[in-house]
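Below is one structure, written out as structure tokens; the observations come after it.
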Amino acid sequence: MDTERHHAAIQLPEGSWWDWEVIAWDTSQVRLAAGYDLTYHHGLELVFGDPAFVSCPSMFHDPVFRAPAAEEWLRVTRQLGERPSVLVAFEADANGQEPTSCLIAAERLEIVHENVLRYWREDIAPGQRLAPWVRPPGLAGEHFT
């Protein structure tokens, strides 16, 4: 087993990743979006495939990613009945008096570095895409399957 892969903190691409929020969470994925201001766009997504354990607030700021502690590995392994493929640990500002400790265990992790617009725009440039909830004017209230 590659213990370095399991114990190292994740490495994010260069950028200003101050604001964070959960933008998708279901049995197949947990998707965290990050940017310096999430009002109009975000530039980074951490996509946790097949999440098994998630302990983090829905919105937070300025996370510091670190290698999971041995106790965290043990706790999550006991709860899941097996060692997860991916365990990401970080401390973040969740507007409390102290940083919040966060853990996410999943089958896999993908880091997506791409400009995701959070508003309608027809002329999307290469390297950009619309957030899944963005709809053309007039269709904002309709549901798509």
Side-chain angles (χ1 to χ4, degrees), residues 1-121 124-125 127-137 139-144:
M1 176 171 16
D2 181 2
T3 56
E4 278 301 307
R5 182 178 71 109
H6 287 289
H7 292 286
I10 63 171
Q11 297 295 314
L12 300 179
E14 289 294 319
S16 181
W17 316 125
W18 189 77
D19 279 340
W20 289 75
E21 70 179 348
V22 177
I23 59 170
W25 187 343
D26 59 33
T27 57
S28 67
Q29 71 173 338
V30 169
R31 187 177 291 257
L32 304 179
Y36 61 87
D37 179 355
L38 299 179
T39 305
Y40 298 108
H41 59 85
H42 61 267
L44 183 69
E45 293 180 352
L46 301 185
V47 184
F48 295 89
D50 295 323
F53 179 90
V54 179
S55 177
C56 77
S58 60
M59 296 182 79
F60 53 91
H61 307 287
D62 203 21
V64 176
F65 291 91
R66 59 176 173 75
E71 303 81 39
E72 292 169 324
W73 275 107
L74 183 60
R75 185 178 94 206
V76 171
T77 299
R78 281 185 185 155
Q79 288 182 333
L80 300 178
E82 64 184 5
R83 188 178 175 98
S85 298
V86 173
L87 184 61
V88 172
F90 58 97
E91 311 301 322
D93 175 0
N95 296 323
Q97 292 189 9
E98 295 183 10
T100 300
S101 291
C102 305
L103 278 174
I104 301 176
E107 189 64 34
R108 63 197 165 281
L109 170 63
E110 179 184 3
I111 298 174
V112 180
H113 190 199
E114 180 178 44
N115 193 23
V116 181
L117 303 177
R118 294 172 167 228
Y119 61 94
W120 175 252
R121 190 170 168 173
I124 299 172
Q128 293 183 328
R129 65 180 161 92
L130 296 176
W133 61 85
V134 174
R135 302 286 180 250
L139 298 178
E142 295 185 23
H143 295 281
F144 293 86

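All values below come from the heavy atoms of this structure, side chains included, with hydrogens, waters and symmetry mates left out.
Side chains of R118 and W133 form a contact here, defined as non-hydrogen atoms less than 4.5 Å apart. Side-chain contact between Y119 and T39: absent, with no pair of heavy atoms (C-beta onward) separated by less than 4.5 Å. When side chains are defined from C-beta on, N115 counts as touching L117, because their heavy atoms get closer than 4.5 Å. Side-chain contact check for L46 versus I10: some heavy-atom pair is nearer than 4.5 Å. For the pair I104 and L109, the minimum side-chain heavy-atom distance is 4.5 Å or more. Residues V54 and F48 have side chains not in contact (no heavy-atom distance under 4.5 Å, counting atoms from C-beta outward). V76 has its side chain within reach of L103: a pair of non-hydrogen atoms, C-beta onward, lies under 4.5 Å apart. Two residues are said to be in side-chain contact when any heavy atoms from C-beta on lie closer than 4.5 Å; N95 and H61 meet this criterion.
Taking CZ of R75 as the reference point, atom CG of L80 lies at 10.5 Å (rounded to 0.5 Å). Atom NE2 in H42 sits 8.5 Å away from atom CD in E114 (nearest 0.5 Å). Taking CG of D19 as the reference point, atom CG of D62 lies at 9.5 Å (rounded to 0.5 Å). In this structure, R121 CZ and Q128 CD are separated by 5.5 Å, a value rounded to the nearest 0.5 Å. The structure places CG of D50 at 10.0 Å from CD of Q29, a figure rounded to the nearest 0.5 Å. Rounding to the nearest 0.5 Å places CZ of R31 at 6.0 Å from CD1 of I23.
The two residues V112 and R129 come nearest to each other via the heavy atoms CG1-NH2, 4.2 Å.
Annotation: W17 is not in aromatic contact with F90 [ring centroid separation under 6.0 Å not met].
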